[in-house]
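Quick note: numbers below take in every heavy atom, side chains included, and nothing from hydrogens, waters or symmetry partners.
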Amino acid sequence: MVKKMGEGGDQEFGQGRQNLEPMGQDFARLTQLVIGEKRSHQLVPPSTPFGAPQAVRTREELLIQNTMESCSFKTVFACAAGFVLGGAFGLFTAGLDPNLGFDPTKHGADYQPSAREVLREMATRGKSYAKNFAIIGAMFAGTECFIESYRGVSDWKNGTMSGCFCGGIIGMRAGVKPGLLGCAGFAAFSTAIDYFLR
């Protein structure tokens, strides 16, 4: 049995429709502001791994970041760090050497070197270590960055291939066999360091 809607029912339906129209207009306006043509084009700040918001980087900050990630900067930085580390290591090993400043071909067994001779020998050894460490650091960082840029992947293989290249170049001065041994040794050392650091 179907009930016909009377005049009162039509009035109530019309009032309900009028009440819903403002809500529909608000929803349409909100949609335009969020995903429509009137939406704002502000950048959403990226979030850190812990979910905290991170400020949007300026053009200068992006320039500094790109500079620090470039191969030339990594090579120069590794060269400078290797020079400092090598110099410190050379001074440390010179301090542990009991025969520092003593040349058996020039001096007798009871010769005592002066402080100036000891300091001169320490400076010579420190410079030698610093130069070698700087060359190795620059070679390794430069080749690793070049390999990583070429492959487009950052993993342990980059360090292994770079270590093999550097070790091979250094060992090749003494021959083919030392070059192969240097390649294998540097590659194994680089792989072990990457394994423990990653």
Side-chain angles (χ1 to χ4, degrees), residues 40-97 100 118-198:
S40 60
H41 295 278
Q42 296 180 355
L43 294 175
V44 178
S47 60
T48 60
F50 299 102
Q54 183 181 2
V56 178
R57 296 178 181 175
T58 61
R59 181 178 300 177
E60 291 78 11
E61 291 175 341
L62 292 175
L63 178 62
I64 293 174
Q65 180 183 359
N66 293 334
T67 303
M68 294 181 67
E69 291 178 354
S70 64
C71 292
S72 58
F73 178 83
K74 290 181 179 179
T75 303
V76 173
F77 181 78
C79 181
F83 186 86
V84 174
L85 182 63
F89 189 72
L91 293 177
F92 176 75
T93 56
L96 298 179
D97 189 1
L100 187 68
V118 172
L119 291 176
R120 188 182 297 118
E121 185 68 23
M122 290 179 67
T124 302
R125 186 174 297 188
K127 289 179 182 178
S128 176
Y129 275 70
K131 183 179 68 173
N132 293 334
F133 273 61
I135 293 173
I136 293 174
M139 284 178 57
F140 183 84
T143 53
E144 184 183 21
C145 185
F146 176 77
I147 293 172
E148 182 178 346
S149 301
Y150 178 77
R151 295 180 65 229
V153 180
S154 178
D155 56 5
W156 60 271
K157 296 179 182 178
N158 298 329
T160 302
M161 289 187 282
S162 177
C164 179
F165 176 79
C166 295
I169 291 295
I170 294 173
M172 196 65 71
R173 295 181 298 179
V176 178
K177 186 175 180 180
L180 295 176
L181 293 176
C183 172
F186 268 68
F189 181 75
S190 301
T191 305
I193 293 298
D194 281 341
Y195 175 78
F196 286 109
L197 291 181
R198 291 178 186 269

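- A distance of 13.5 Å separates CD1 of Ile170 from CG of Leu181, quoted to the nearest 0.5 Å.
- Contact check for Tyr129 versus Leu85: no side-chain heavy atoms found under the 4.5 Å cut-off.
- For Phe83, the CZ atom is loosely surrounded, since the number of other residues' heavy atoms within 6.0 Å does not exceed 12.
- Taking the six-membered ring for Trp and thresholds of 30 and 60 degrees, Phe146 and Tyr150 have nearly parallel ring planes, at less than 30 degrees apart.
- Ile147 contributes atom CD1, which lies 12.0 Å from atom OG of Ser154 (distance to the nearest 0.5 angstrom).
- The shortest non-hydrogen separation linking Cys166 to Met139 is SG-C, 3.5 Å.
- A distance-only check finds no donor-acceptor pair linking the side chain of Thr75 to the backbone of Ala141 [under 3.5 Å].
- Rounding to the nearest 0.5 angstrom, the gap separating the CD1 atom in Ile169 from the OG1 atom in Thr143 is 9.5 Å.
- Between Val153 and Asn158, the shortest heavy-atom contact is O-ND2, 2.7 Å.
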Between Ile135 and Lys131, is the side chain to side chain contact (heavy atoms under 4.5 Å, CB included) condition met? List the steps.
CA-CA 6 Å; Ile135 293 173; Lys131 183 179 68 173; 4.1 Å; yes
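- The line from CZ of Phe140 to CZ of Phe165 is 12.0 Å long, rounded to the nearest 0.5 Å.
- Around the CZ atom of Phe133, the shell of radius 6.0 Å holds more than 12 heavy atoms that belong to other residues, nucleotides or ligands.
- The shortest heavy-atom contact between Ser149 and Cys71 is OG-SG, 3.8 Å.
- Within the 4.5 Å cutoff, side-chain heavy atoms of Glu69 are placed close to those of Gln65.
- Minimum interatomic distance between Ser70 and Cys145 (heavy atoms only, all atoms of both residues): C-SG, 4.4 Å.
- Side-chain polar atoms of Thr191 and Thr160 form a donor-acceptor pair below 3.5 angstrom.
- Remark: side-chain polar atoms of Thr93 are paired, donor with acceptor, to backbone N or O of Phe89 under 3.5 angstrom.
- Closest approach of Pro178 to Gly171, counting heavy atoms only: CB-O, 3.5 Å.
- At a threshold of 4.5 Å between non-hydrogen side-chain atoms, the residues Arg151 and Met161 count as touching.
- Of the possible polar contacts, none joining the Ser190 side chain to the Ala187 backbone as a donor-acceptor pair under 3.5 Å is found.
- Here the shortest heavy-atom pairing between Ala134 and Cys79 reads CB-O, 3.4 Å.
- Dense packing is recorded around CZ of Phe73, with more than 12 heavy atoms of other residues, nucleotides or ligands lying under 6.0 Å away.
- Going from atom CZ of Phe189 over to atom CG of Asp194 covers 10.0 Å, rounded to the nearest 0.5 Å.
- To the nearest 0.5 Å, the span separating CD on Glu148 from CG on Asp155 amounts to 8.5 Å.
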